[in-house]
Amino acid sequence: MTTNELDFIVASARQAFAGAATPAELENAKAQFTGKAGRITELMKGMAKLSVEDKKTRGAAINAAKQAIEAALGDRRQALADAELEVQLKAEALDISLPGRLREPGGLHPVSLTMERIERIFASMGFDVADGPEIESDWHSFTSLNNPPNHPARSMQDTFYVDINGDDGIPYNLRPHTSPMQVRYAHQHIKKHAAAVQAGGAMPEIRVIAPGRTYRVDSDATHSPMFHQCEGLWLGENVSFKDLKVVFTDFCRTFFESDDLALRFRPSFFPFTEPSAEIDIQFQSGPLAGRWLEVAGSGQVHPAVVRNMGLDPEQYIGFAFGMGPDRLTMLRYGVNDLRLFFDGDIRFLRQFR
Ligand code: PHE
């Protein structure tokens with residue numbers, strides 16, 4: 001065994017390590033030299049036969065070769081680890097010079113803003129806020145509201161019908177107004193307080209607004225087949241038309257932030273109220289000054305409706321109104337075409353953000 005041979009083994013090890021592309025390959029290469037059956041290990045085993053003198057010189061030479069191989073192995077390990085880190089860093093590189101992605105804040109739809117405003121004002125007057133179905137039974141939309149089948153008053157509303165019959169065999173409808181919420185809510189209210197009443201307590205007054213979507217076969221600059229209404233109902237033992245005037249006047253002045261607003265209750269007809277009135281408002285200044293603008297239908301709840309609620313009309317009286325939040329939104333923001341609200345044009349809607 002010559003020194004040349006050891007040099008050759010060290011050189012082969014360096015070459016094998018350099019050729020290893022991964023840590024696993026490197027460990028395999030290492031095994032060929034310093035592993036259990038490696039070439040250096042074999043040489044060490046062979047030393048047993050040598051004389052004491054030879055053992056010393058050979059041992060030193062083999063050890064030197066082994067150390068050289070281990071140094072080469074360490075260098076290659078480090079190089080592979082560095083390369084791996086490099087790749088990882090590249091893959092995770094962040095280009096911090098890129099401009100950020102701006103997320104523009106969203107905004108509420110103008111009609112939603114109006115709805116929230118209406119809810120806030122009526123809540124401050126002690127009104128509950130209720131929600132109900134948009135697909136309604138014939139009984140809730142019409143019959144319960146003193147509007148029997150075949151009665152001519154039904155043609156006041158050009159109603160959408162759904163291809164499904166209710167229990168009464170009459171098709172469901174897309175509610176043409178929020179008034180079905182009067183009887184629906186009254187039923188919920190009575191049920192909610194039934195136990196307390198049974199125990200001898202008094203039932204609290206019914207005081208609620210019910211905002212939501214409504215539908216009619218109607219379409220022009222001031223009518224959309226889908227539109228919004230907000231029903232109001234206040235029923236108690238002594239709630240009069242005067243209370244309607246006070247509440248609605250208060251509401252309008254708060255909504256439009258103006259005391260300089262005139263209201264007119266114009267006699268009208270609805271099957272579910274008696275007497276009935278159309279409510280008009282008039283601005284005293286601004287671009288709409290002097291014109292009477294219709295904003296709601298209203299009246300004292302008809303005894304037949306109170307009876308359908310399950311209440312005694314001799315005991316419970318009060319008023320109801322149904323107003324158009326779309327109309328209120330147009331007036332508040334000076335928009336002249338209702339359809340703009342429902343076209344979904346972001347340039348229009350963004351202005352209310
Ligand atoms: N429901 C009526 C309409 O849609 C409005 C109304 C509601 C009138 C409540 C009186 C009482 O025209």
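All values derive from a computational prediction rather than experimental measurement. When a ligand or atom number is given, it counts from 1 through the structure's own listing order. Below, all heavy atoms of this structure are taken into account, side chains as well, without hydrogens, waters or symmetry copies.
Only the side chain of F272 comes within 4.0 Å of ligand 1, judged by heavy-atom distances. Within the 4.0 Å heavy-atom criterion, the part of S298 lying near ligand 1 is the backbone and not the side chain. Contact annotation: for R175 versus ligand 1, there are no heavy atoms closer than 4.0 Å.
Considering both main-chain and side-chain atoms, T273 never comes within under 3.5 Å of ligand 1 through any nitrogen or oxygen pair. For ligand 1, the polar-atom distance check finds no N/O of Q182 at less than 3.5 Å from any of the ligand's N/O atoms.
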Start with the C-alpha distance between H228 and F341, add both sets of side-chain angles, then the distance that settles ring pair (Phe, Tyr, Trp, His ring centres under 6.0 Å), and finish with yes or no. CA-CA 11 Å; H228 296 87; F341 288 138; 9.1 Å; no
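Note on ring orientation: taking the six-membered ring where Trp is involved, the planes of F352 and F348 are perpendicular (angle over 60°, cut-offs 30° and 60°).
In the model, Q78 has a side-chain atom that pairs as donor or acceptor with a side-chain atom of D82 under 3.5 Å. No hydrogens or angles considered: a donor-acceptor pair under 3.5 Å links the side chains of S141 and N173. Checked by atom type, the side-chain pair S240/D243 shows a donor-acceptor distance below 3.5 Å.
Looking at E278, R216, E274, E231 and measuring to atom 4 (O) of ligand 1, the nearest heavy atom belongs to R216.
For ligand 1, the atoms lying closer than 4.0 Å to a non-hydrogen atom of Q229 are 3 (C), 4 (O). Counting atoms of ligand 1 from 1 in the listed order, those under 4.0 Å from a heavy atom of G322 are 6 (C), 7 (C), 9 (C).
Residue-ligand proximity: M323 is placed with every non-hydrogen atom at 4.0 Å or more from ligand 1.
Closest non-hydrogen pair, A186 versus M309, comes out as CB-CG, 3.5 Å.
By the neighbour-count criterion of 12 heavy atoms within 6.0 Å, atom NZ of K55 is densely surrounded, having more than that number from other residues, nucleotides or ligands.
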